[in-house]
Structures are given as structure tokens and as C-alpha cells.
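Reviewing the structure listed below.
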Amino acid sequence: MVEAVEKLTKKSEDPSRWYLQLVRMAKLADYGPVRGMFAIRPYGFAIWERIQRDLDDRFKATGHQNAYFPLLIPESYLKKEAEHVEGFDPELAWVTIGGREKLEERLAIRPTSESIICDFYSNWVQSYRDLPLLINQWCNVLRWEKVTRPFLRSSEFLWQEGHTVHATAEEAREETLQMLGVYRDCFHETLAIPVLTGMKSPAERFAGAVETYTCEGLMGDGRALQAATSHDLGQNFAKAFDITFLDEQQDRVYAYQTSWGFSTRVIGGLILVHGDDRGLKIPPKLAPVEAVIVPIWRGKNKAEVRSEAEKLHMELKASGLRVEADFDEEHSPGWKFNEHELRGVPVRVEIGPKDIEKNQAVLVRRDTGEKEFVPRDGLPERLRTLLSDIQENMMRQATEFRDANTRHAASYDEFQEIIAQKRGFVVAPWDGTPETEQKIKENTKATIRLLPFDRQEGADLVSGKSGKTAIFARAY
RNA sequence: CGGGACGUGGCGCAGUCUGGUAGCGCACUCGGCUGGGGGCCGAGUGGUCGCCGGUUCAAAUCCGGCCGUCCCGACCA
């Protein structure tokens, strides 16, 4: 036993170190020469591609089309919506030289694309017949961050941003909520991450929005992660960028807009929610590889085991499963077991001489470590039900954790104690003033993560004034 | 951007205090034996010691500046 093998730090021992090690050991991402800019490696990108496909299907199903808009935004465009520039100003990166010429007007690398897209929309939208305009783009954006971590906060990140235009305020609000629901479904059904949905407080609202809605997840260390947001932009951008149309009464009126985004940050969330001391754990519906076959051979029967494993591989692939076979001859089975667990592959399929003799295979699930012997005949079916069990179990465990770490605070003392010692979500009434919100933030570092749709009346813990339910947590 | 720690082959580290021309484990390459929870033996490849400058006969080591990383705070998907 050589102990010098690079071991993953225990999650409970040093969560931050665990996270960084996992990202690199599982080959999800790697550091580059510029701060905050990471390479997403093939395995990490495969996860992103699965998320993309899942979301994209949902966008298409709700009537959206994909398009692409420019990377560079003239300063003057960005400045048109006052709140918006102010919000993003500290994180902008600028292009000031083109070729060898100094530019007359500097160009911002998009931190988000509202301003450039609205400029196009002001031309594209002329009549109520042009509405609704339902467009999404998949792209990279850049925000000059001071403290960065792979996936969770990088200067450059990948995301999608939907930008829609509507004739009425009601329609825009419906769209905003519809897309919030699309995100929630993706989290619940595919990522197995339970999220709370609700409204942001004015202080946490997107710069330039009338209302921001959010999906908030709870990470394994008790901190919240804003996982996706959907904004009702009202007419703020329409007025700033002159997006008007002739309605059915022949009146020229300003349009209503929405925007909504979901980023590679969620991969960080996935790691933090499901990862354990053995490494990553990917829910089957998301996993690039649902099952990996590890052949167990001895010198004399290597050829036989190999051909059986290949046959099994073909069978499982033919049944529509995403299966990989690990025929590497350099590593021992034990080494492979650890490696695939680190990568979070939901199921391992072992096949060796004993199994061939008994016409069976061994299935080992990543979420519980349970092992079972399954006859070869029914293997694809059994694997399929096992994968769906795992999906369900991962969602159930994450939900139980979330619920066990959602606490009601009856007094401010209790509130502070929970945040300091247990973290998690804290449910408490808020009087709606920025003053109490700010005070809580200064005292406890907890912020209002969201205002749920269903809010109860109660006395604010700080001011004693009447308020309504808010959900607090320390956030990433 | 403040406080602290750290930058030495791909990864993890020793060497720095007390200057003398770079080492260990893993990984990687080749050969052989192995293989049901990170196997073993043998032979190899790979480093201008983060960057720039200074002190010195001589710098990974001492001094200055810069860059980067990590942890803790202030701002953010």
C-alpha cells in the first residue's frame, strides 16, 4: 500500500480545499495564466453540454429561438440605462485599442447583453405583430472579479441569456415566471438540486430590472447559491433604448421586456450539493456517462473477459444507455473503481471470470455504494431502473438536507445563533426596509436570498415592525 | 481592495534560517510479472527553483519590486 497517492481532502475537513482538489482531480477544469480564467476540460464541458441540451430543449418547447449577439459593447450604449451601468461599472473590462489604432470610443466586453441586444431590438420591433419576440443566446461573458474560484466565480463564464419583448406588462411578468419555472424544473428533474424560488429584495435585484426572481440552492456547507435568475425588466430598457411599437389601436407605445440567465456556476453548485469524500456524484440524467464497465481479468482469461465485456458494452449501448467501458490495461480494478467514483459515474458494472461463469454482472451504485449481482439477461432493464432510483434518491437526499437546514427563527438572538453555528436557510419576517436588511447583513453576513411567493405576516426580528416572510442565508 | 500564508519537473512536497550549482513520492516512458477496492520489480524522461532587478567569486537560498495562488473580510451569476 503506497500512501503517497494524491488523496482527496475530506469534504468536512476543509470544504474549500476539497472543492478545488476535486475540480482538478476529476479533470473538470484547470487554471490558466490569467486570474479567474479557467479551461473547462472535456469532462467538465460534457456536463455543461448535457445541461445545455436539457435547458435548450425546454426553451424550444416554450417557443424560444437561439441567436447570437456581438461580444463588444460601445460605452455609450451601456450608459443608456443608468442603473444598469452603475451596477456593472466596477466589473467591466475594456477594449481601447484596435489593431494599432487607439479607439475613439472604448468598447466593453459584455458582462451581460441587455444593452447591445436592446439596440437591435429597437429596430426589430415595429409592430404588435412582431411580438412577442422570444430569443435566447448561449455565449460567454466577462466580469472582472476580485476573488475567483473555478465554476463558482470566474471572470469569464459561459451561460445562456434569454431576452424577450412583449406587448404588455402582464405578458412580460408571465414570461419571467414561466422561465423561472423552467429553471426550477431543470434543477429538480435533471440536476437533482432542490431550489427555493421567489423574489429578490430590491437591494439584491438585477441592475435595471423592475423585479428579479431567483432559484436558490443550499450547498453542503450550509451556504446558499443563487443558481439562476429571471428578470422582469418592465419598460426600463425599452425607454432607454427606444423599443416601441404600434399597437392594435395604432398608438406608439413602449414594449415590456424580460431577461433570464443560467451559467456554468451551476456546475460548482452540482459539486457542492452532491459531492462527497470519494469525489463527484452526478445524477444519472445529467451524467455524460451513466455507467462504466470495469472488466476484471487475470492473465490467462484476459481475452475471454475482454470479449464478454465488449459484448456487454454493445448490448447496453444498443439499449440506449450512455455506457463507457474501461479497457485500460495499466491500472488495477481497484484503481479504476476509485477513479470512476471520483468522476461521479452513477453506476459501475463489473464483469469478471466468476460472473461469466454464473452468467451475471455486478452493479455498484455511486450514491449508496450498494452492490448487487444481476443476471445478464435482464441487465439493461435493471440498470435502467437502478439509474432512475439513483436519480430519485439523490434528489430525496438533497431535499432532506435542505429541509433539515431550513429553520425558523423566533428571535434575533436565535437568528444570529443559527447563522453562526448551523448556517442553512433561516425563515423570518422582514419589515421590507433596506435598513433592517443592511443591519442583518452587517451583523451576521446573511443576506435575504429570496421572498417566497407564499408569505406569512409576522414581526420583524430587528425592528419589531410588522413584516412578511423572507428567507435568509449566507451566500456564495 | 484590506489582513495572513504560500509560489521549487504535470501533482504533492523537502531544501531557504546557516549562499557552494537541485532532491523525494506520485504521475509519465520502456520491459517483465500482475489484476474482484488506488499492485510489484528493474531501467529511464522531464526543472533557466513565479517574473524582473540588486548584493556576492558564487543566489532556489539574502535584499527590493512586480505577478500569481490559497485562507479570512468588503463587492458580485
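A note on names: the letters A, B, ... follow the listed sequences, proteins ahead of strands, and every chain is numbered from 1. Owing to the predicted nature of the structure, the values given are computational and were not obtained by experimental measurement.
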Give one of base, sugar-phosphate or nothing for [X], where a contact means two heavy atoms less than 4.0 Å apart.
X      : value
A/K336 : nothing
A/G352 : base
A/S154 : base
A/L225 : nothing
A/E91  : sugar-phosphate
A/G36  : sugar-phosphate
A/S332 : sugar-phosphate
A/P333 : sugar-phosphate

What's the closest nucleotide to the [X] side chain, out of [options]?
X      : options             : value
A/E145 : B/A77, B/A74, B/G36 : B/A77
A/K146 : B/C1, B/A77, B/G36  : B/C1
A/I296 : B/G36, B/G37, B/A77 : B/G36
A/V147 : B/A77, B/G36, B/G73 : B/G73
A/H331 : B/C28, B/G36, B/A74 : B/C28

Do A/R143 and A/F88 meet the cation-pi criteria used here (NZ or CZ under 6.0 Å from the six-membered ring centre, within 45° of the axis)?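 No, A/R143 and A/F88 do not form such a contact.
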
Centre of A/Y43's six-membered ring, under 6.0 Å away, within 45 degrees of the axis: is that where NZ or CZ of A/R343 sits?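 Yes, A/R343 lies over the aromatic ring of A/Y43.
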
What do you reckon, do A/W297 and the base of B/G35 stack, with centroid distance below 5.5 Å and planes below 30°?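 A stacking contact does not exist, since A/W297 is not both close and nearly parallel to the base ring of B/G35.
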
B/G50 phosphate, OP1 or OP2: any side-chain N/O from A/R35 under 4.0 angstrom?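 For B/G50, neither OP1 nor OP2 has a side-chain N or O of A/R35 closer than 4.0 Å.
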
Would you say B/C70 has OP1 or OP2 under 4.0 Å from some side-chain N or O of A/Y31?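 Checking A/Y31 against B/C70: at least one side-chain N or O falls below 4.0 Å of OP1 or OP2.
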
Given the structure, check if the side chain of [X] and the base of [N] hold any donor-acceptor pair shorter than 3.5 Å.
X      : N     : value
A/R24  : B/G10 : no
A/K302 : B/G35 : yes
A/E341 : B/G37 : yes

Considering only the [atom1] atoms, how many Å lie between [N] and [M], rounded to the nearest integer?
N     : M     : atom1 : result
B/C13 : B/C6  : P     : 12 Å
B/C67 : B/C52 : P     : 15 Å
B/G64 : B/U18 : P     : 15 Å
B/G50 : B/G3  : P     : 24 Å
B/U45 : B/G23 : P     : 12 Å
B/A22 : B/G47 : C1'   : 9 Å
B/C28 : B/C11 : C1'   : 12 Å
B/G46 : B/C24 : P     : 14 Å

Does the gap between the ring centers of A/W335 and A/H340 come in under 6.0 Å?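 Ring-ring flag for A/W335/A/H340: false, centres at least 6.0 Å apart.
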
For the residue pair A/H84 and A/F206, is the inter-centroid distance of their aromatic rings smaller than 6.0 Å?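 That pair passes the under 6.0 Å test.
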
For A/F59 and A/H64, take the angle between the two ring planes, folded into 0 to 90°, and tell me which bin it lands in: parallel under 30, tilted 30 to 60, perpendicular over 60.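 Ring orientation of A/F59 relative to A/H64: perpendicular.
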
Considering Watson-Crick and G-U wobble pairs with both distances under 3.5 Å, what does B/C33 pair with?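 Base partner found: B/G39.
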
Could you check which nucleotide pairs with B/C49 in any of the strands shown, counting Watson-Crick or G-U wobble with both distances under 3.5 Å?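 Across any shown strand, B/C49 pairs with none.
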
Heavy atoms of other groups near A/E310 CD, more than 12 under 6.0 Å: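 Yes, CD of A/E310 has more than 12 neighbouring heavy atoms, counting only those of other groups under 6.0 Å.
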
Can you work out whether A/R474 or A/I351 has the more 5'-proximal nearest nucleotide on RNA chain B?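 It is A/I351 whose nearest nucleotide is closer to the 5' end.
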
Does the A/Q257 side chain pair with the main chain of A/A238, one donor and one acceptor, at a distance under 3.5 Å?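 Checked: pair present.
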
